[in-house]
Amino acid sequence: MPKKVRVRFAPSPTGPLHIGGVRTALFNYLFAKKHGGDFVLRIEDTDQNRYVEGAENYIVEALNWLNIPFDEGVGKEGKYGPYRQSERKDMYSQYAEQLIASGNAYYAFDTSEELNFHRKDHEEKGKNFIYNWHNREKLNNSISLSQEEVATKIKNGDDYVIRFKVYHSEEGSDSIISTQDIIRGPISFKKELLDDKVLFKSDGMPTYHLANIVDDHFMEITHVIRGEEWLPSVPLHIALYQALGWEIPEFAHLPLIMKPVGKGKLSKRDGDKMGFPVFPIQWKAKEGEMFSGYREDGYFPEALINMLALLGWNPGTEQEIFSLNELVKAFDLSRVNKTGAKFDPEKTKWFQHYYLQAKDNETLTSLFSKLLEDKGIVTNKKLSIIVASIKERATFVSDLWEQGSFFFEAPTTYDEKASKKAFKEGTSEIMTEVLGLLNECEEFTSNEISNKVKGWLSVQEIGFGKVMMPLRLSLVGEMKGPDVFNIAAILGREETISRIKKTISFLS
């Protein structure tokens, strides 16, 4: 029987969650749900110097808002916890010691001054300093020192790190580390080019590499789905699994999300510089700097999810609109691109527009009602009718206000360019006649108002524009909005007449 699929999203709480991280979480979620597996959230906080307060809560809140919640993790404890690495630190040292005992790792006592000397010396000779097989026996470590010297240094409390010992031979299969990446196919690395990475520090904390492997093993992670920036770590991680005698999970490395223009990875500061968010929800830095979020900018989570799913993944069809359930069914890691995916802010708005139009009027009315409430506007008008009449041109709920604010606030000015076309000699007299027609309407409905005005225009042989333009300006203040007779019916007889009288007064 095959093992149950288990994937993890393992961010570091060093700040807000970038949308590149959101996409990684999404692809993990989709893969897990597609295969009836578990989606785990693990907080990798071994680097306490970079820890940012509030970042962990931000990650959880963002995943919940996006409707891709984790099955187990911080606050949803399962049998594989705890899910913060800082709470698991007691278990890492034994595996560092196990690697030393098996000859796969060693103590290194080199000071930062010694290492800087070697780096500078190599730079002056036009070389790169790599701590590995070609120089480890000449450096300050337990390979070059006697057992007595090593024991003395540890007893004296000398600072040390534990480094992984990368074995290599000049040729043959032992000189290469290779694996099959689900997205990229076969990949291989020459051992001779790898450095002996630090696994453990004398302060009792592991580095990312050791903690990552130990946690993935004991949390029974079957597939490691992460960004391509982790590709250089693959050979070390495979070698660590082999040295510890553990089963190696399958790897899938996602392409980068690129800037909308030019080259380079989309960075955390690109969004506010270019006028779009790069974070799922708003983030306020400790220094007081504020970074915009998709939630606060009015995007629906399903729009952001749909956009991100297609950023680097191709369903193999022309379909662009996917519900979360449809994404789960269609998702396949083998259809993820190898090359970077260019971020398109306008395409995100396109998805947002689609999802707003797809929402029923009742839902939009509720959202619009909240917006009016925040503005301190109390109204007895039928909001659902207003929303239905203006939503076509809206992308965000806030656009409903921009498209229909005139329903709640009478215009105080008239668009200058339109006024020059609409307000002519005789307009005041025509609008006075219109007032009389409106007063004659028994039921102040759109159809009755339309029939009355159009019938009168026909009898009087007056051009349509001579009434319609000034009427719209009277009610709206500018040349926008739905059918002008619908506007009048929604405003009601009293308000419509009041606004037309105000225009007549303005004209005289």
Side-chain angles (χ1 to χ4, degrees), residues 8-15 21 42-52 55-56 82-112 114-116 118-119 128-133 135-136 139-143 153-154 157-167 177 189 191 193-219 221 224 226-244 246 248-249 251 253:
R8 54 39 170 205
F9 177 52
S12 297
T14 55
R42 184 172 74 228
I43 301 297
E44 302 205 333
D45 58 348
T46 52
D47 190 348
Q48 290 291 300
N49 292 326
R50 295 178 64 219
Y51 177 83
V52 173
E56 182 186 301
Y83 295 91
R84 290 186 192 92
Q85 284 188 337
S86 59
E87 295 173 6
R88 300 170 64 86
K89 64 180 183 180
D90 292 342
M91 69 184 294
Y92 301 120
S93 59
Q94 62 181 297
Y95 298 101
E97 295 295 340
Q98 182 179 319
L99 289 167
I100 286 176
S102 63
N104 287 292
Y106 57 93
Y107 295 105
F109 301 94
D110 314 88
T111 64
S112 55
E114 288 170 340
L115 293 174
N116 285 334
H118 290 301
R119 288 190 191 98
N128 283 328
F129 173 68
I130 302 176
Y131 202 127
N132 65 2
W133 60 274
N135 60 11
R136 62 169 78 108
L139 298 169
N140 190 6
N141 54 53
S142 57
I143 295 173
K153 282 181 176 290
I154 292 174
D158 287 11
D159 284 342
Y160 68 84
V161 296
I162 295 175
R163 287 182 179 271
F164 186 65
K165 187 177 182 181
V166 179
Y167 283 95
I177 292 177
F189 306 84
K191 286 184 179 180
L193 302 178
L194 305 177
D195 57 340
D196 290 354
K197 290 283 189 194
V198 174
L199 301 179
F200 205 80
K201 296 168 282 189
S202 54
D203 64 1
M205 289 299 282
T207 61
Y208 164 81
H209 301 290
L210 179 64
N212 181 276
I213 297 307
V214 171
D215 287 346
D216 280 352
H217 172 71
F218 285 102
M219 290 183 180
I221 300 303
V224 173
R226 58 190 179 186
E228 73 171 54
E229 61 269 27
W230 294 110
L231 267 172
S233 301
V234 169
L236 170 62
H237 293 177
I238 290 174
L240 274 168
Y241 277 111
Q242 291 170 336
L244 290 163
W246 294 341
I248 302 170
F251 292 100
H253 287 85

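For A55, the side-chain contact (heavy atoms from CB on, under 4.5 Å) partners are P13, V52, W283, not counting sequence neighbours. Every side-chain contact (heavy atoms from CB on, under 4.5 Å) that S93 has, sequence neighbours left out, goes to F200. For the side-chain contact (heavy atoms from CB on, under 4.5 Å) test, residues two or more places apart in sequence or in another chain that qualify with D203 are K201, M205. Remark: L139 pairs with D110, H118, F129, Y131, N135, N141 by the side-chain contact (heavy atoms from CB on, under 4.5 Å) rule, at least two apart or across chains. With sequence neighbours left out, Y160 forms a ring pair (Phe, Tyr, Trp, His ring centres under 6.0 Å) with Y107. For Y95, the ring pair (Phe, Tyr, Trp, His ring centres under 6.0 Å) test picks out F218, W246, with sequence neighbours left out.
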**Report entry** Derivation and outcome, side-chain contact (heavy atoms from CB on, under 4.5 Å), residues F251 and I238
**Finding:** CA-CA 10 Å; F251 292 100; I238 290 174; 4.0 Å; yes
Query raised in the report: For T207 and V161, what are the C-alpha separation, side-chain angles and deciding distance, and is it a side-chain contact (heavy atoms from CB on, under 4.5 Å)?
Result: CA-CA 10 Å; T207 61; V161 296; over 6 Å; no
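Residues N212 and R8 meet the side-chain proximity criterion, which asks for heavy atoms closer than 4.5 Å. Residues K165 and R136 are in side-chain contact: their nearest non-hydrogen atoms beyond the backbone lie under 4.5 Å apart. In this structure, the side chains of K89 and T46 stay at 4.5 Å or more apart for every pair of heavy atoms. Using a 4.5 Å heavy-atom cutoff, the side chains of R42 and D216 are in contact. With contacts defined as side-chain heavy-atom distances shorter than 4.5 Å, the pair W133/V166 does not qualify. In this structure, the side chains of L240 and L99 come closer than 4.5 Å at one or more pairs of heavy atoms.
Between Q94 and M91, the shortest heavy-atom contact is CG-O, 3.2 Å. Nearest approach of Y208 to H237, heavy atoms of both residues: CE2-CE1, 3.8 Å. Pairing each heavy atom of L210 with each of Y92, the nearest pair is CD2-O, 3.8 Å. For P235 against I177, the heavy-atom pair with the smallest separation is O-CD1, 3.5 Å. Closest approach of Y106 to I100, counting heavy atoms only: N-CG1, 4.1 Å. Here the closest non-hydrogen pair linking I213 and L244 is CG2-CD1, 4.4 Å.
Side-chain contact, Y83 with D215: no donor N or O sits under 3.5 Å from an acceptor N or O.
Note that NZ of K191 is 13.0 Å distant from CG of N132, once rounded to the nearest 0.5 Å. For the atom pair OG of S112 and CG of D159, the computed distance is 9.5 Å after rounding to the nearest 0.5 Å. Note that the OG atom of S86 and the CD atom of E44 stand 11.0 Å from one another [nearest 0.5 Å]. Taken from CG in D158 to NZ in K153, the straight-line distance is 5.0 Å, to the nearest 0.5 Å. To the nearest 0.5 Å, atoms CG (L193) and CD1 (I130) are separated by 7.0 Å.
Within the 3.5 Å criterion, the main-chain N or O of T111 finds a donor-acceptor partner in the side chain of E114. Not a single donor-acceptor pair under 3.5 Å links the side chain of R50 to the backbone N or O of T14.
Within 6.0 Å of the NZ atom in K197, the count of heavy atoms belonging to other residues, nucleotides or ligands does not exceed 12.
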